[in-house]
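Please read all numbers here as calculations on a predicted model, not as lab measurements.
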Amino acid sequence: MDLIPGLPNEIALECLIRLPVDQFSKAASVCRKWNGEIKLPEFRRRRKVSGLTRPVLAMVQSMVATVKKSEGDTALFSTQVYRLSVCDPENGSWYDLPPIPELIDGLPRFCRIVGVGSDLVVIGGCDPDTWRIMDCVFVYNFISGSWRRGADMPGQQRSFFGCASDSDRMIVVAGGHDDEKNAMKSALSYDVVKDEWITLPDMVMERDECKVVFHKGKFHVIGGYPTWAQGHFENDAEVFDTATWQWRLEDDFLSVINTSPHSCIEGDDGRLYMCRGGDVAVKEDPTWQKLAGLPAGITSVAYLTACQGKLILVGRGQFDELYSIYALDLDVESDGKVKKWTKVETSDEYSGHVQYGCCLEI
């Protein structure tokens, strides 16, 4: 059966890969042949090679919702819930992903999200009503426009962990704390394609509230703190070597002590960026150098990412209720100075608190 009657399949595929991303789910429902082609990993690879993929930002963002206190109760009240919002930085458009079928009343608090290929993976968090730690995994595919349930995260209950992906198929989850607030040194790997978890060797140190970054082809677990330190962040990192299947400790990775690594990210240029104090710094091995100050008036940074040669920052001022989004072009001016932050216009609907975020190329 031809993909498009009267056209060679090679040309028909070239037509399909040029469809807008938000039309893939509709195209997949046209016929089984289209559905099969669109869902193949090769389909996304072909789009990427042709320069047709584009980045989108996904964020766990708060909104105010009106809900019932309990089943059968007619009284309504307003509460803050978290949903997945998506921003297309190319055209500035925003939209919500459909709710997870099993979690229609909102996402787990403090859940983590990771982009892997054209999949967005939601891991763990706490039940917003009971605060019970959850180990569930849900996967949203941007091509099919649908959710699926992944294999639950194994082992001890874990929250406030770090996680990152290699953008292809693997996710590493590391550190965090258990249900008794004990910091953890254990780590796991999740293969999104096989839907399988693998237990990795323990890290050298306990690392609660650490940050995991895939940097220079290896997973880096940055900062965090042991149980006894309770919020006093370490400045070292551990790097997982897949060849030796061991962790390697890197001392003084952050250069400063007692700084949360939550904003540490890898840029499009392969360098690390991070908010420190009132500045954004870049790691010029082995030291960190100031790149630019924070946008004027911003005192709290919720999220930092890199996209299309720019840094994207979500933050707010000391007395602001709404969060604002800013972009910083990493290309320098002719005089060698870094360009200034530009505010991205955002409606109030998408100005709520951002708890976690990630960037995908789809």
One thing to verify: whether Lys310 and Asp329 come together as a salt bridge, which I'm taking to mean a side-chain N less than 4.0 angstrom from a carboxylate O.
no
Grouping ILVMFWY residues whenever side-chain heavy atoms fall under 4.5 Å, the cluster of Phe319 otherwise contains none
Tyr326: side-chain hydrogen bond (donor to acceptor under 3.5 Å, both in side chains) partners, not counting sequence neighbours:
none
Determine all donor-acceptor pairs shorter than 3.5 Å in which one atom belongs to a side chain in residues 352-362; sequence neighbours excluded.
residue: His353; atom: ND1; partner: Tyr82; partner atom: OH; Å: 3.0
residue: Gln355; atom: OE1; partner: Phe110; partner atom: N; Å: 2.7
residue: Glu361; atom: OE2; partner: Thr53; partner atom: OG1; Å: 2.6

Would you call Glu10-Arg46 a salt bridge at under 4.0 Å N-O?
yes
What's the separation between atom CD1 in Ile222 and atom OG in Ser260, rounded to the nearest 0.5 Å?
11.0 Å
Distance from Met205 atom CE to Tyr225 atom OH, nearest 0.5 Å?
13.0 Å
Between OG1 of Thr342 and CG of Leu328, what distance do you get to the nearest 0.5 Å?
8.0 Å
Less than 4.0 angstrom from a charged side-chain N to a carboxylate O is my criterion; do Arg54 and Asp88 meet it?
yes
Ignoring hydrogens and geometry, is there a side-chain-to-backbone donor-acceptor pair from Arg158 to Gly175 under 3.5 Å?
yes
Gap between atom CG of Asp105 and atom CG of Leu103 - 0.5 Å precision
8.5 Å
Ion pair Arg18/Glu14, N-O distance below 4.0 Å
yes
Closest approach of Pro261 to Leu254 (non-hydrogen atoms, all atoms of both residues):
CB-CD1, 4.2 Å
How many angstroms lie between atom CD1 of Ile123 and atom SG of Cys136, to the nearest 0.5 angstrom?
10.0 Å
Check whether the side chains of His177 and Asn182 place a donor and an acceptor atom closer than 3.5 Å, and report yes or no.
no
Here the pair of heavy atoms bringing Arg83 nearest to Leu107 is C-CD1, 3.6 Å
Heavy-atom closest contact (Ala27 atom, Trp34 atom, distance)
O-CE3, 3.4 Å
Who pairs with Trp341 by ring-ring contact (aromatic ring centres under 6.0 Å, His included), at least two apart in sequence or on another chain?
none
List the atom pairs, with distances to 0.1 Å, where a side-chain N or O of residues 145-152 and a protein N or O form a donor-acceptor pair under 3.5 Å, not counting sequence neighbours.
residue: Ser146; atom: OG; partner: Ser144; partner atom: OG; Å: 2.8
residue: Trp147; atom: NE1; partner: Pro98; partner atom: O; Å: 2.8
residue: Arg148; atom: NH2; partner: Asp119; partner atom: OD2; Å: 3.4
residue: Arg149; atom: NH1; partner: Glu102; partner atom: OE1; Å: 2.8
residue: Arg149; atom: NH1; partner: Glu102; partner atom: OE2; Å: 3.4
residue: Arg149; atom: NH2; partner: Asp152; partner atom: OD1; Å: 2.9

Going by the rule side-chain hydrogen bond (donor to acceptor under 3.5 Å, both in side chains), which residues pair with Glu266 if we only count those two or more places apart in sequence or in a different chain?
His215
Could you tell me how the ring of Trp94 sits relative to the ring of Tyr350: parallel (under 30°), tilted (30 to 60°) or perpendicular (over 60°)?
parallel
If hydrophobic clusters are built by linking Ile, Leu, Val, Met, Phe, Trp and Tyr wherever their side-chain heavy atoms come under 4.5 Å apart, do Tyr323 and Met63 end up in the same one?
no
Test side-chain contact (heavy atoms from CB on, under 4.5 Å) applied to Arg271 - qualifying residues, sequence neighbours left out
Asp269, Tyr273, Val282, Glu284
Donor-acceptor pairs are to be reported for all side-chain atoms of residues 163-174 against protein atoms at under 3.5 Å, with residues two or more places apart or in another chain.
residue: Ser165; atom: OG; partner: Gly115; partner atom: O; Å: 2.6
residue: Ser165; atom: OG; partner: Ser167; partner atom: N; Å: 2.9
residue: Asp166; atom: OD1; partner: Asp168; partner atom: N; Å: 2.9
residue: Asp166; atom: OD1; partner: Arg169; partner atom: N; Å: 3.0
residue: Asp166; atom: OD1; partner: Met170; partner atom: N; Å: 3.1
residue: Arg169; atom: NE; partner: Asp191; partner atom: OD1; Å: 3.2
residue: Arg169; atom: NE; partner: Asp191; partner atom: OD2; Å: 3.3
residue: Arg169; atom: NH2; partner: Asp191; partner atom: OD1; Å: 3.2
residue: Arg169; atom: NH2; partner: Asp191; partner atom: OD2; Å: 3.0

Count I, L, V, M, F, W, Y as connected when their side-chain heavy atoms are under 4.5 Å apart, and connections chain through other members. Are Leu322 and Val301 then in the same cluster?
no
For Trp131, check ring-ring contact (aromatic ring centres under 6.0 Å, His included) against everything at least two apart and list the hits.
none
For Pro128, side-chain contact (heavy atoms from CB on, under 4.5 Å) partners two or more places apart
Arg109
Does the side chain of Gln289 pick up a donor-acceptor pair with the side chain of Thr287 at under 3.5 Å?
yes
Separation between CD1 of Ile133 and CD of Gln156, rounded to the nearest 0.5 Å
10.0 Å
By side-chain contact (heavy atoms from CB on, under 4.5 Å) - contacts of Glu206 (at least two apart):
Ala183, Lys185, Pro226, Thr227
Mind checking ring-ring contact (aromatic ring centres under 6.0 Å, His included) for His262 and listing every partner two or more places apart, or none if nothing turns up?
none
